[in-house]
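Everything below concerns the one structure shown next.
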Amino acid sequence: MRLFDTLTRTERELRPIDGSTFRFYCCGPTVYGPAHIGNFRTFVLQDVLRRTLETGGIHTLHVRNITDVDDKTIRDSQKADRSLAAFTAGWTTKFHADCEELGLLPPHIEPSAVEHIPQQITMIQTLVGNGNAYASDDGSVYFKISSFPDYGRLSHLDERELHLGKTQNARSNSDEYEKDSLSDFVLWKGRKPEDGENFWPSPWGDGRPGWHLECSAMIQEYLGDSFDLHSGGVDLVFPHHENEIAQSQCACGGRFAANWFHTAHLLVDGGKMSKSLGNLYTLADLAARGHTAMEVRYVLIGAHYRKPLNFTLDSLSGAREALAKLAKGARHLASKIEPDTRLTRADFGPFQAAWDSLNHDLNIPGALGGMFTGLREAAQLTGTDAAAALAGFNRLLRALGLTLPEEMVHASSEIPDAIQSLAESRWQARLAKNWAESDTLRAQLAEQGWLVKDGKDTYTLEPAGN
RNA sequence: GGCGGAGUAGCCAAGUGGUAAGGCAAUGGUUUGCAAAACCGUCAUUCGAGGGUUCGAUUCCCUCCUCCGCCUCCA
């Protein structure tokens, strides 16, 4: 497949550099609270990238870290009066549960920062030894930007140098006199009283690793000095990824990531998502509004990854209908296939255009459109052709990580008994042509948030839309 | 201020130098005790505004307007 690369700003063919396995790294969550749907946009898109590669026959090695030590995890664990380990373990578990609900494939390796302190220290020692880093009086170690001429290539820093110079002057009067120059970033943070028990011994004294270094050390451990792709949200381009490049290339040599995959942000109602605006949603928030994780996933993949996605609650309701429509189309297609039909082809049939879209810079919205139009074409097919089309459709679904509702009654197991019996009474009244009674009971169900849909011989119950 | 990105129907959203995918909503019809559901249709002469290049631009260039992100932690 072809994918846009942030560093070269060109579209490139993705092929494993080792010839067999496509090895990639994704910056994972900092576990100090529940992840929100903006975080999940990134993880879901990375998941579709992986699934698309795998559907195309490419083996992958997916590494995604857990950041379990930084300012926020320490601060909030203290607030919660729990150990850092217990605190972050709780949120890690929650994160995994959310991921599973969203249909995310677990990474093959999921290293945590705390579990890789020795590797981080070793990397810092190498950097100090190479003259790329220096210790300060307070036991911290900084990376010396001026020792790495390529610094800034990813984020086009050279075009911002003038500004940076100004800032340096402005800030060199501030407290941060520890650093040779302002843009030097911290690799190891010397122990401070507010860190509490959260410190580790090092050649420079007690302290903890800097945030940027975690990823570099874990990448070195599991992927080596050169690998296929590195991914994260656009906000990580600078300084996080820029710093990773500097650390890793100086410490390990190698080319680091061959491709950079950055995902645009999620907006809510056209603006930034934030707690203060009350528009920051977690999976649990949306579940409380009656939306399934699969509906959330459908919305999250609904815009091209390099464009901001405008999230609205209405789009979630739309997703429910769209998923139902896909399910219906698939069922219709399946009904055209004789039980003993043999699959004789392995192409995508009417879904070829959808598959092509996916492989052209991960155009998921284009692929989704192709699935609907493909379904329309496929409706005419029978026998082997229908079987081949359905197989293509299902491969596409798997690439997108979508699972379709078997029946429209996706909440059937969660219908309270009281509601169920109310609905049953209504159905009996209706069969007896007691319309007044039937309508009254239907209104009662509606009041309690349930929608009745009458079929020919039976009825279904659904939570009413929001 | 610097860098990067975006403005396509009521909403979400693809796409292309050759005349606008798809989904939701809406709406007409069939069906239904009435609704809903289901099924069959309809739904942008137009792509933020104004110029320019071109036989032809929504797609390329210029200017302007609006919005978003990064420049400090952030998916």
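Reckoned from all heavy atoms, side chains included, excluding hydrogens, waters and symmetry mates. Letters go in sequence order (proteins before strands), and every chain restarts at 1. Note that this is a predicted model, so its numbers are computed, not measured.
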Interatomic distance, A:Leu400 CG vs B:G23 C1' [rounded to whole Å]: 14 Å
Pairing nucleotide - B:G69, Watson-Crick or G-U, each distance under 3.5 Å: B:C3
What nucleotide among B:A75, B:C68, B:A13 has an atom nearest to a side-chain atom of A:Ala303? B:A13
At 4.0 Å (heavy atoms only), tell me whether A:Gly302 reaches a base, stays on the sugar-phosphate, or touches nothing. sugar-phosphate
For A:Arg50, is there an ion pair with A:Asp47 - N to carboxylate O distance below 4.0 angstrom? no
Does the Lys NZ or Arg CZ of A:Arg191 fall within the cation-pi geometry relative to A:Phe199 - under 6.0 Å from the ring centre and within 45° of the axis? yes
When A:Phe227 is tested against each of A:Trp260, A:Phe256, A:Phe24 for ring pair (Phe, Tyr, Trp, His ring centres under 6.0 Å), which residue passes? A:Phe256
The side chain of A:Glu321 is closest to which nucleotide in this list: B:C24, B:A75, B:C12? B:C24
Can you tell which of B:A14, B:A38, B:C73 lies closest to the side chain of A:Asn363? B:A14
Distance between C1' atoms of B:U59 and B:G1 (Å, rounded): 32 Å
Of B:C71, B:G23, B:A75, the nucleotide closest to the side chain of A:Arg376 is B:G23
How about A:Glu11: does its CD atom have over 12 heavy atoms from other parts shown lying under 6.0 Å from it? yes
Could you give the distance separating B:C47 and B:G7 at their P atoms, to the nearest angstrom? 14 Å
How many angstroms lie between CZ in A:Arg426 and CD in A:Gln444, if you round to the nearest 0.5 Å? 11.5 Å
Identify the nucleotide, in any strand shown, that forms a Watson-Crick or G-U wobble pair with B:A25, with both distances under 3.5 Å; if there is none, say none. none
Contact list (N/O, under 3.5 angstrom) for nucleotides 32-36 of chain B vs protein:
{"residue": "B:G33", "atom": "O6", "partner": "A:Ser438", "partner atom": "OG", "Å": "3.4"}
{"residue": "B:G33", "atom": "N1", "partner": "A:Asp439", "partner atom": "OD1", "Å": "3.1"}
{"residue": "B:G33", "atom": "N2", "partner": "A:Asp439", "partner atom": "OD2", "Å": "2.8"}
{"residue": "B:C34", "atom": "O2", "partner": "A:Arg442", "partner atom": "NH2", "Å": "3.0"}
{"residue": "B:C34", "atom": "N3", "partner": "A:Arg442", "partner atom": "NH1", "Å": "3.2"}
{"residue": "B:C34", "atom": "N3", "partner": "A:Arg442", "partner atom": "NH2", "Å": "3.3"}
{"residue": "B:A35", "atom": "N6", "partner": "A:Asp454", "partner atom": "OD2", "Å": "2.7"}
{"residue": "B:A35", "atom": "N1", "partner": "A:Arg442", "partner atom": "NH1", "Å": "3.2"}
{"residue": "B:A35", "atom": "N3", "partner": "A:Arg442", "partner atom": "NH1", "Å": "2.8"}
{"residue": "B:A36", "atom": "N1", "partner": "A:Asp454", "partner atom": "O", "Å": "2.7"}

Interatomic distance, CG@A:Asn198 vs NZ@A:Lys192, rounded to 0.5 Å, equals 14.0 Å
Nearest-angstrom distance, C1' atom, B:A75 to B:G69: 12 Å
Would you say A:Lys328 places a side-chain N or O within less than 4.0 Å of OP1 or OP2 belonging to B:A38? yes
What is the distance from OH of A:Tyr298 to P of B:G23, rounded to the nearest Å? 8 Å
Using whole Å, report how far CG of A:Leu368 lies from P of B:C24. 12 Å
For the residue pair A:Asp235 / A:His265, report whether a side-chain donor-acceptor contact shorter than 3.5 Å exists. yes
Considering only atom C1', compute the distance from B:U45 to B:U58 and round it to an integer number of Å. 13 Å
Separation of the P atoms in B:A57 and B:C64, to the nearest angstrom: 23 Å
Please determine, for the side chain of A:Phe372, which listed nucleotide (B:G7, B:G22, B:A13) has the closest atom? B:G22
Test side chain to side chain contact (heavy atoms under 4.5 Å, CB included) applied to A:Tyr32 and A:Asp68, step by step: CA-CA 8 Å; A:Tyr32 68 106; A:Asp68 52 0; over 6 Å; no
Geometric cation-pi criterion A:Arg306 and A:Phe4, 6.0 Å radius, 45° cone: yes
Sort out the partner of B:C55 for me: Watson-Crick or G-U wobble, both distances under 3.5 Å, none otherwise. B:G18
B:C11 and B:C43, which share atom name C1', separated by this distance in whole Å: 14 Å
Nearest-neighbour nucleotide for the A:Lys325 side chain, B:A14, B:C24, B:G22 considered: B:C24
Looking only at side-chain atoms of A:Phe238, point me to the closest of B:C12, B:C71, B:A14. B:C71
Could you tell me how the ring of A:His241 sits relative to the ring of A:His262: parallel (under 30°), tilted (30 to 60°) or perpendicular (over 60°)? tilted
Out of B:G5, B:A75, B:C73, whichever nucleotide has its closest atom nearest the side chain of A:Pro308: B:G5
Closer to the 5' end of RNA chain B via nearest nucleotide, is it A:His304 or A:Gly369? A:His304
Look at the side chain of A:Lys72 and decide which nucleotide, out of B:C73, B:G23, B:A75, has an atom nearest to it. B:C73
In whole angstrom, give me the gap between the C1' atoms of B:C65 and B:A25. 30 Å
Go ahead and name the base partner of B:U63; Watson-Crick or wobble counts if both distances stay under 3.5 Å, otherwise write none. B:A49
Watson-Crick or G-U counterpart of B:A38, or none if no pair lies under 3.5 Å: B:U30
Taking only the side-chain nitrogens and oxygens of A:Lys307, find out if one of them lies under 4.0 Å from OP1 or OP2 of B:C68. no
Just to be sure I understand the rule, does A:Thr373 reach a base, reach only the sugar-phosphate, or reach nothing, if contact means heavy atoms closer than 4.0 Å? sugar-phosphate
How many Å lie between CG on A:Leu267 and P on B:C11, as a whole number? 16 Å
To the nearest angstrom, how far is A:Leu266 atom CG from B:G5 atom P? 20 Å
Calculate the interatomic distance between A:Leu154 atom CG and B:G69 atom P; express it in whole Å. 20 Å
When the P atoms of B:U53 and B:U46 are compared, how many Å lie between them, rounded to an integer? 23 Å
